Every structure is written in C-alpha cells, then in structure tokens.
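Comments concern the structure below.
All residue numbers refer to positions in the sequence shown, counting from 1. Just so we're clear, the structure is a prediction, and the values are computed from it rather than from any experiment.
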Amino acid sequence: MDHYIYPNSILQPEAAPLATKFPAQETASEIQDRGYCFDSLGLNPLSLPQAKRPRERLNSDGPGALTDHDLLAILLNTGVQGKNVSVLAMELLELLDRDKGIPSIKELCRLTGMGVSKASAIAAMLEFGRRRWGASGTHIKHPTDIFNTVRHFADRRQERFVCLSLNGAHELLKVRTVTLGLVNKTIVHPREVFADPIQDRASAICVAHNHPSGQLKPSPEDGEITFQLFEAAKILGLRFLDHVIFTDTGYFSYRQAGLLGGD
C-alpha cells in the first residue's frame with residue numbers, strides 16, 4: 001500500500017472546517033480543563049457500588065469497556081497497607097506510559113507495594129500480550145486506524161504525544177509515547193519524535209496526542225509542531241502520514257482536514 005487511503009464517502013469531522021491550507025494560524029478557543037473523570041481513582045474498588053467495580057464490569061460489559069486503569073487493578077488484585085489497589089494501579093499505569101518497552105522486574109518493584117510476584121505477573125502479561133495480540137502488523141489506511149490504536153490514552157489527565165512507526169506498506173511496527181505534558185499542553189521536539197522510528201528502519205510515521213479538555217480543535221501550537229514534523233520527515237526521507245488529535249469521543253485528522261498539502 002503506497003498511499004494513505006481516504007474513501008470518498010468519509011465525512012469531514014466537525015472540527016475540520018478550517019479555512020486555509022496547513023499551516024493554519026487561526027486562534028483556538030480557550031481550553032477549559034474538565035478534570036479526570038474516573039470514578040474509582042484513589043478509591044478501594046470494594047468501596048464502590050457493586051455494579052461499578054472493575055471485575056463486575058468486566059463480567060457484565062466485557063474487557064473492551066474498561067479503562068487501562070481498571071484492567072491493571074484487576075490484574076494486581078490487591079494493594080498493600082496504606083496503598084489500595086486503585087492507587088497502585090494508577091502508579092503502574094504512569095510507569096507504563098513513560099516506558100517505551102516492557103519494564104524490568106527490578107523497575108516494577110521500585111513501586112511501593114509491587115513485590116516480585118506481582119511484578120512478574122505484570123511483566124509476563126505484557127510480554128504475552130505483545131506476542132499474541134500486539135499492534136505490530138496493523139495496516140494504517142485511514143485516521144480511524146490511528147484512533148483505534150491510541151484511543152486507550154484518551155482518559156489520561158495529561159497530554160500524551162504518541163508516535164507510530166510504519167514500514168513501507170504502512171504496517172505498524174511500534175507505538176511509543178514520546179512525551180508526557182501538562183493537563184492541556186505538551187512540548188515535543190522533532191528529534192524526540194524521529195529518534196526511535198529511525199532505529200526501527202521505518203518508512204513512514206503518524207503522530208497523535210490526546211486533548212484532556214475534550215475539545216478536538218487544534219491549537220496554533222499543534223499546527224506549529226505538525227509543520228515542523230512534516231518538514232523534518234521530508235529531510236529524513238520518511239512519509240509523514242498524519243497528526244491525529246483525539247479524545248474519548250472522536251478525533252481530528254490534519255490530513256483528512258486537508259491541512260497537509262498535496263503530499
């Protein structure tokens with residue numbers, strides 16, 4: 001697959017009607033942080049109503065309905081004195097978001113409450129998931145494919161800037177979190193974005209980041225970094241497929257909005 005495919009029947013996203021070609025410099029509306037809306041954050045799951053407990057929700061709604069935090073809380077099963085399983089799961093999630101690979105047992109055990117037994121189970125789970133159902137090989141044909149790959153980051157309190165390395169057929173090689181930002185802002189430099197794709201021998205990349213505010217409209221800063229990455233990719237001989245901004249309800253695609261020129 002040599003080109004990024006957009007079927008003619010696809011409608012433009014609501015956030016897309018921007019007047020000019022990329023780079024767009026219109027003023028973005030002020031972002032109001034709506035906070036992190038996870039009911040069990042910091043709470044012992046047993047203190048929640050039974051229908052809201054992660055394990056019960058897993059049984060009733062299936063694993064796809066649970067957040068990453070929920071899933072880790074189920075895997076950890078218990079916390080320790082002074083730190084319940086929900087808090088331990090959040091600390092583990094933050095560690096996994098920062099790490100570009102599977103953490104070592106030693107690294108996992110640095111978390112208070114994470115003994116060798118729990119750390120071994122988590123490491124084994126991550127490796128088994130990578131081998132059996134890893135995203136590697138997914139064909140990126142459309143912004144929806146990017147969104148489906150990264151949408152589990154949508155519930156994070158901070159912005160995550162994520163880079164997808166692709167081969168010449170636009171099949172996924174690796175997905176990595178490049179930087180963690182503030183509540184509504186992240187700072188990223190092209191050298192941080194391209195360092196790993198170059199090592200992957202990638203032929204193309206896509207990038208994506210979440211908007212914790214829930215708004216999909218790109219900011220001027222989003223446009224600026226997209227332009228920088230677009231130009232840097234050309235110098236490096238890589239195809240820059242897209243920059244996707246996403247929330248838990250949808251996404252905005254620079255390419256689908258016609259803001260990446262005629263490339």
K174: partners by side-chain hydrogen bond (donor to acceptor under 3.5 Å, both in side chains), with sequence neighbours left out: none
Can you sort out the partners of D68 under side-chain hydrogen bond (donor to acceptor under 3.5 Å, both in side chains), two or more places apart, ordered by chain and number? R156
Mark yes or no for whether H69, through its side chain, and S86, through its backbone, hold a donor-acceptor pair below 3.5 Å. yes
Determine yes or no for a side-chain-to-main-chain donor-acceptor pair under 3.5 angstrom, with R57 supplying the side chain and A65 the backbone. yes
Donor-acceptor pair, side chain of D242 and main chain of R255, under 3.5 angstrom: yes
Sequence neighbours left out, what passes ring-ring contact (aromatic ring centres under 6.0 Å, His included) with F153? Give chain and number order. none
For I245, does its backbone N or O pair with a side-chain atom of Y254 as donor and acceptor, under 3.5 Å? no
Please evaluate residues R53 and N59 with respect to the criterion side chain to side chain donor-acceptor pair (under 3.5 Å), reporting the C-alpha separation (whole Å), side-chain torsions for both, the decisive distance (0.1 Å), and the verdict. CA-CA 10 Å; R53 297 175 187 174; N59 292 334; over 6 Å; no
For S104, what residues pass the side chain to side chain contact (heavy atoms under 4.5 Å, CB included) criterion, not counting sequence neighbours? K106, E107
Looking only at atom types and distance, does a side-chain atom of D222 sit under 3.5 Å from a main-chain N or O of S219, one as donor and one as acceptor? yes
So, N167 side chain and A169 main chain: donor-acceptor pair closer than 3.5 Å or not? yes
Using only atom types and a distance under 3.5 Å, with no angle test, would you say the side chain of H142 pairs donor to acceptor with the backbone of T144? yes
Can any side-chain N or O of D248 pair as donor or acceptor with the backbone N or O of D155 at less than 3.5 Å? no
Under 6.0 Å between the ring centres of H243 and F161? yes
E56: what forms a side-chain hydrogen bond (donor to acceptor under 3.5 Å, both in side chains) with it, not counting sequence neighbours? none
Can you list, pair by pair, the side-chain donor-acceptor contacts under 3.5 Å of residues 189-199, counting residues two or more places apart and other chains?
| unit_1 | atom_1 | unit_2 | atom_2 | d |
| --- | --- | --- | --- | --- |
| H189 | ND1 | R191 | N | 3.1 |
| H189 | NE2 | R191 | NH1 | 3.2 |
| E192 | OE1 | H189 | N | 3.0 |
| D196 | OD2 | K100 | NZ | 2.6 |

Check: P103 and I122 side chains under 4.5 Å, non-hydrogen atoms: no
